[in-house]
Amino acid sequence: MKNQRLELIKGDITTLDVDAIVNAANNSLLGGGGVDGAIHKAAGPDLRAECVNLNGCPTGQAKITKGYRLKAKHIIHTVGPVWCGGYRDEHSLLASCYQTSLSLAKENMIKTLAFPGISTGVYGFPKDQAALIAVSETKRFLRKNVFPEKVIFVVFFDDSYEIYRKLLDQ
Ligand code: ADP
């Protein structure tokens, strides 16, 4: 790992002891499957109660809540694009997810932030292209900002781990 402020972990993002984790949410922000369902289950029902008051979130944007029963103090909910072959602005929308999440982390003086692979599950974004966007947008943000001090990419599968490892070793 060349950049001391970046880390790669294989595991369950809901268990991490960090200041904030990012959720791959949907536009309703009211919970769903995948990592979203796991986060809502682990955080408990008070999370949904807070999310109801947020009135959803547009694709490419992000909103912050408390972490409730998670070790993480905050959850940054961002809505990734559904992959439609790359013709519907998916790349810039995904880049915007990382930019807006990192900006919210900065505003809240979050030191440690963990990202799952936004849009790479049910939303079908090709994993290699998504990881390239995740790493390049994060590096660009960290070069200009003190917060967050550290960003952790969390993956579930070995193939995703390899994709990130290669990018982070470059
Ligand atoms: P999306 O709808 O944005 O595609 P998903 O939740 O379906 O979101 O998947 C996003 C990514 O999160 C996938 O790469 C999936 O393997 C991964 N994932 C699912 N559950 C967890 C978890 N508990 N911790 C970390 N990553 C997870």
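Order of appearance sets the numbers: ligands from 1, and atoms from 1 within every ligand.
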Under a 3.5 Å cutoff, is there a donor and acceptor pairing between the side chains of [X] and [Y]?
{"X": "Thr59", "Y": "Asn27", "value": "yes"}
{"X": "Lys127", "Y": "Ser160", "value": "yes"}
{"X": "His77", "Y": "Thr65", "value": "yes"}
{"X": "Asp89", "Y": "Ser92", "value": "yes"}

Touching ligand 1 at all, [X]? Heavy atoms, strictly under 4.0 Å?
{"X": "Gly80", "value": "no"}
{"X": "Phe125", "value": "no"}
{"X": "Asp12", "value": "yes"}
{"X": "Gly11", "value": "yes"}

Give me the nearest non-hydrogen protein atom to atom 7 (O) of ligand 1 as residue plus atom name, then the distance to 0.1 Å.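 Nearest neighbour among protein heavy atoms for atom 7 (O) of ligand 1, to 0.1 Å: Val122 N, 2.9 Å.
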Shortest protein contact, atom 3 (O) of ligand 1 (heavy atom only):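 Residue, atom and distance for the closest contact: Ser119 N, 2.9 Å.
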Going only through I, L, V, M, F, W and Y residues with side-chain contacts under 4.5 Å, is there a path from Val135 to Ile13?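 Hydrophobic grouping puts Val135 apart from Ile13.
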Honestly curious: do Trp83 and Val155 fall in one hydrophobic cluster under the side-chain, below-4.5 Å linking rule?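 Yes; tracing contacts between hydrophobic side chains, which count when under 4.5 Å, links both residues.
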Can you list the steps and then say if Ile39 with Leu47 is a side chain to side chain contact (heavy atoms under 4.5 Å, CB included)? CA-CA 9 Å; Ile39 288 172; Leu47 172 60; 4.2 Å; yes
Atom 18 (N) of ligand 1: which of Ile21, Thr15, Val82, Val35 has the nearest heavy atom?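 Minimum heavy-atom distance to atom 18 (N) of ligand 1 goes to Val35.
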Counting heavy atoms only, which of Leu16, Ile13, Thr120 comes nearest to atom 13 (C) of ligand 1?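 Among Leu16, Ile13, Thr120, the closest heavy atom to atom 13 (C) of ligand 1 belongs to Thr120.
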Among Val18, Ile64, Leu104, which residue meets the side-chain contact (heavy atoms from CB on, under 4.5 Å) test with Ile110?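 With Ile110 as partner, side-chain contact (heavy atoms from CB on, under 4.5 Å) holds for just one option, Ile64.
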Which ligand 1 atoms are under 4.0 Å away from a heavy-atom of [X]?
{"X": "Gly121", "result": "4 (O), 5 (P), 7 (O), 9 (O), 10 (C), 13 (C)"}
{"X": "Gly117", "result": "10 (C), 11 (C)"}
{"X": "Ala24", "result": "3 (O), 8 (O)"}
{"X": "Gly34", "result": "6 (O)"}
{"X": "Phe157", "result": "16 (O)"}

I'd like to check whether [X] has a polar contact with ligand 1, where a contact means an N/O of the residue lying under 3.5 Å from an N/O of the ligand.
{"X": "Lys127", "result": "no"}
{"X": "Tyr123", "result": "yes"}
{"X": "Phe156", "result": "no"}

Electrostatic pair Lys111:Asp19 at N-O distance under 4.0 angstrom: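 Salt bridge between Lys111 and Asp19, a charged N being under 4.0 Å from a carboxylate O: no.
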Pair Lys150 + Glu7: basic N to acidic O under 4.0 Å: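 Looking at Lys150 and Glu7, the cut-off is met.
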Atom 25 (C) of ligand 1: any protein heavy atom closer than 4.0 Å: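 So far as the 4.0 Å threshold goes, atom 25 (C) of ligand 1 is in reach of a protein heavy atom.
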So, Tyr98 versus Phe115, ring centres under 6.0 angstrom or not?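 For Tyr98 and Phe115, the ring centres are under 6.0 Å apart.
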